Amino acid sequence: MPLGLHKHGDDHRRMSLSRKSADEGSAEAAGGDDETVVEPDQGNVLSHIISQLRPGADLNKVTLPTFILEPKSMLERITNFMAHPETLLPMPEIEDPTQRFVSVVKFYLSGWHIKPPGVKKPLNPILGETFTCCWDYPDHTRGYYISEQTSHHPPKSSYFFMAPEHNIRIDGALKPRSKFLGNSAASLMEGVGVLRFMNRGRTQGGERYFLTQPNMYARGILFGKMKYELGDHSFIKCPENGLMADIEFKTKGYFGGTYNAIGGNIKNEKTGETLFELSGMWSGEMVLKDVRTGHKEVLFNASHAKHTPPVIRPIEEQDERESQRLWLKTVIAIKESNHIAATEEKSKVEDRQRDETAKRAEQGIEWQPKLFRPVRGGPGGPEEGEEDLDWILNANIDGATPEEKTKQILAIAPILRGQQHNQQSKASQPQQNQENTQPPSQPQQQAVAHDDLIDFGQSNPAPSTSAAVGQSNPMQFQPNAPPGMQAPLQPGHPIKRVDTKTNDFDEFVDAPGY
């Protein structure tokens, strides 16, 4: 999120609140942790930013100051929503469909309090960046998370989560758009999450819940206190049960109201009957009222809730395209408040993305995600209704037992400490034929490393060009190509993968006409 400055004469006005650590914690109910200090020596940077802003602008090409960055990538920050296993794991075992839906609402609301103090935003992932992690649960089971930046313009972060023993799977896409609104900047959080309980429902895919997100606002970027707010409506829908939750994240008005308030209801879409009402604060206590009986109960209290951070492989075991290794020097500089070094290191990563774009344009190669494939939606498609995901994990996780599902997940990418990259794994191979890998009705993607104020992409993607005469065929496998530049796999040409545990060979063939 952007920062702002208010000048009085020649002196810069210092925002209220003392400087705080970038470590995450629960936001205070009063909203104090959502305010940011602007240091005097940062004023010239902010004045430069302000001079570039125009109302209604989409914030393209406006440089983001590193002193307001959260020291982690957006791909990692998404994991906040899986960080309360006490709300996540019990959901599929609840027999009553209505109470099961209420538990999903509780899970959804439990993650918003997890944020760094002040107005901070995560690092914008570069194209092809990946992040994986897991959670070790008290019952000796695990949850696994895999993510990849599948588009740079427009920005799209695709992710997958599964807890095999608990029959929980989540597929999601985050598609933020930024907007300057005068004294505020907004991140319009498009995209959807598809939560499914594999032990429920009448179809093979299980019982599905579709979740959207509220928008995020940075208030006071030109004058007044810098403030972080969530705003507008988000929805949770379960087509199988016919239930829907409409949750309003309320922004504070000019003359009244409070920060961080929520309201909403849970309805039966088939009958129109309101079953429950929601109230409270997403940073504090949230209350559920049964409309039929009038009974109220605390749904979740974020005031003193302790989240469970994921387990992440050590930096030295990570590939150079994985988030924590990719941004390591930038993150170190941010934590040391060395903003000159942070800017330099951040620019190096972005320049690398720009260079890769230019090389692909020269060779006529269209970039494709490594771990995700296009959604097969539309009437009768296996992922009908999930078209807004655009991309979904490029692997079948359909084992008959949790152990088999776990083995399939771990074959996609390294997740556990000590797990090695398998260069012959399916996930490391070029993807399907180019003409079949672009999501329907989406423009071709190229990465350009211009940063905007909220760091969510830019508006001038590099044009795709044809391969020059005399160059190698871009449709052939190129083992020495830089990351993100592998050409797609030719249909009919098998790829063999060696299982690292059993030494068995698996053969993969792209079906023509897919």
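We use all heavy atoms of the structure for the numbers below, so side chains are in, but hydrogens, waters and symmetry mates are not. Worth saying up front: this structure is predicted, and the values here are computed from it rather than measured.
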Donor-acceptor pair, [X] side chain versus [Y] backbone, under 3.5 Å?
X	Y	result
T212	V192	no
E70	P116	no
E148	K370	yes
R325	Q318	yes
E384	P382	no
R200	P92	yes
E386	V375	no
K115	N80	no
Q149	P155	no
E317	G418	yes

Q. Do Y144 and F160 have ring centroids that are under 6.0 Å from one another?
A.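 No.
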(Q) I'd like to know whether the aromatic ring centres of F131 and W327 sit less than 6.0 Å apart in this structure. (A)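 Between F131 and W327, the centre distance exceeds or equals 6.0 Å.
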**Q.** Ion pair check, E345 and K348, cut-off under 4.0 Å
**A.**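 Salt bridge present between E345 and K348.
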**Q.** R352 with E356: basic N within carboxylate O range, under 4.0 Å
**A.**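 Yes, R352 and E356 are salt-bridged.
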Spacing of [atom1] belonging to [X] relative to [atom2] belonging to [Y], to within rounding of 0.5 Å:
X	Y	atom1	atom2	value
M162	R169	CE	CZ	5.0 Å
R196	E207	CZ	CD	11.5 Å
R313	C134	CZ	SG	10.0 Å
I170	Y159	CD1	OH	7.0 Å
E322	T132	CD	OG1	5.0 Å
E190	N215	CD	CG	8.5 Å

Q. Which of these passes ring-ring contact (aromatic ring centres under 6.0 Å, His included) with W112: F81, W282, F107, Y228?
A.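 That would be F81.
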Q: Please report the C-alpha distance between F210 and F235 in whole Å, then the side-chain angles of each, then the deciding distance to 0.1 Å, and finally whether the ring pair (Phe, Tyr, Trp, His ring centres under 6.0 Å) criterion is met.
A: CA-CA 8 Å; F210 293 82; F235 299 91; over 10 Å; no
(Q) Between I412 and I397, does the side-chain contact (heavy atoms from CB on, under 4.5 Å) criterion hold? Intermediate values first, please. (A) CA-CA 10 Å; I412 299 166; I397 312 300; 3.8 Å; yes
(Q) Students often mix this up, so state it plainly: with edges at 30° and 60°, are the rings of H84 and H307 parallel, tilted or perpendicular? (A)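 Perpendicular, since the angle between the ring planes exceeds 60°.
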Q: Could you give me the CA-CA distance, side-chain angles and deciding distance for Q368 and E366, then say whether side-chain contact (heavy atoms from CB on, under 4.5 Å) is met?
A: CA-CA 7 Å; Q368 298 295 337; E366 180 185 344; 3.2 Å; yes
Q. K237 versus E269: any side-chain heavy-atom pair under 4.5 Å?
A.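 K237 vs E269: side chains touch.
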